[in-house]
*Asks:* 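Questions regarding the structure given below will be posed in turn.
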Amino acid sequence: MSTVQPVLTALTLTIDTHIARVQINRPEKANAMNAAVWQELRTVFNWIDQTPNIRVAVLSGVGAHFTSGIDLSLLASIAQETADPCPAHMREKLRYMVLDMQDTLTAVERCRKPVIAAIHG
């Protein structure tokens, strides 16, 4: 894995004295987790795991909220993305989408560095 920090749009990443500070950066949406947040969480925690000079990660949210959970617009888009005339194919698409989102959270769990969630700052 590259030691170059990943380019992020929905998260911010700063490194200071072996501490990676990851922030969900959507304060205007109470840090609701849209598709970019889900994908970037996996990317950044895989990168942190593979970066030797990082010893701990702190996950927080910009502004007043850690996160308000899944972005409702993302939930609304799931019906469109999984649409299929065949009910079995639709369910299989939904299954893969759920597994992909779960893998994002599992990336945090797989990270061999301690991860601290700073819920209130």
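Computed from a predicted structure; not experimentally measured. Worth knowing before you read on, the calculation uses all heavy atoms, side chains too, and leaves out hydrogens, waters and symmetry mates.
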*Asks:* Cut-off 3.5 Å, side chains only: do Asp100 and Gln39 have a donor facing an acceptor?
*Replies:* yes
*Asks:* Take atom CZ in Arg91; do more than 12 heavy atoms of anything else shown fall under 6.0 Å from it?
*Replies:* no
*Asks:* Taking the side chain as everything from C-beta on, heavy atoms only, tell me whether Leu74 gets closer than 4.5 Å to Met101.
*Replies:* yes
*Asks:* Within the side chain of Asn25, is there an N or O that forms a donor-acceptor pair under 3.5 Å with the backbone of Val62?
*Replies:* no
*Asks:* Keeping the roles fixed (side chain from Lys113, backbone from Ile48), state whether a donor-acceptor pair exists under 3.5 Å.
*Replies:* yes
*Asks:* Do Ile78 and Leu72 share a hydrophobic cluster, counting only Ile, Leu, Val, Met, Phe, Trp and Tyr and linking them when any side-chain heavy atoms are less than 4.5 Å apart?
*Replies:* yes
*Asks:* Any side-chain heavy-atom pair from Thr9 and Glu40 closer than 4.5 angstrom?
*Replies:* yes
*Asks:* May I ask you to test the His18-Val56 pair for a side-chain heavy-atom distance under 4.5 Å?
*Replies:* no
*Asks:* Kindly give the heavy-atom pair with the smallest separation between Ala118 and Phe66, and that separation in Å.
*Replies:* O-CD1, 3.9 Å
*Asks:* To the nearest 0.5 Å, tell me how far Met90 CE sits from Thr82 OG1.
*Replies:* 6.0 Å
*Asks:* Salt bridge between Arg42 and Asp103, side-chain N to carboxylate O under 4.0 Å?
*Replies:* yes
*Asks:* Within the structure provided, determine whether Leu11 and Ile24 are in side-chain contact (heavy-atom separation under 4.5 Å).
*Replies:* yes
*Asks:* For the CG atom of Asp71 and the CG atom of Asn31, what is their distance to the nearest 0.5 Å?
*Replies:* 11.0 Å
*Asks:* Determine the minimum heavy-atom distance between Ala107 and Asn46, stating which atoms define it.
*Replies:* CB-OD1, 3.9 Å
*Asks:* When clusters are formed by joining ILVMFWY residues with side-chain heavy atoms under 4.5 Å apart, either directly or through shared neighbours, do Ile119 and Val115 land in the same one?
*Replies:* yes
*Asks:* Is there a path of hydrophobic side-chain contacts, each under 4.5 Å between heavy atoms, that joins Leu75 and Leu94?
*Replies:* yes
*Asks:* Distance from Leu99 atom CG to Thr104 atom OG1, nearest 0.5 Å?
*Replies:* 11.0 Å
*Asks:* Just verifying a value: how many Å separate Met33 CE and Leu41 CG, rounded to the nearest 0.5 Å?
*Replies:* 5.0 Å
*Asks:* If you measure from CG on Leu59 to CG on Leu13, what distance do you get to the nearest 0.5 Å?
*Replies:* 11.0 Å
*Asks:* Would you say Gln5 and Ile15 make side-chain contact, with heavy atoms under 4.5 Å?
*Replies:* yes
*Asks:* So, does Arg21 use its side chain to make a donor-acceptor pair with the main chain of Val58 at under 3.5 Å?
*Replies:* no
*Asks:* If every non-hydrogen atom of Gly61 is compared with every non-hydrogen atom of Gln23, which pair is closest and at what distance?
*Replies:* O-NE2, 3.9 Å
*Asks:* Check this for me, if you would: do Asp84 and Lys93 make a salt bridge, where the nitrogen-to-carboxylate-oxygen distance has to be below 4.0 angstrom?
*Replies:* yes
*Asks:* Which heavy atom of Ala57 sits nearest to which heavy atom of Phe45, and what is that distance?
*Replies:* CB-CE2, 3.9 Å
*Asks:* Any donor-acceptor pair under 3.5 Å linking the side chain of Trp38 with the backbone of Ile70?
*Replies:* no
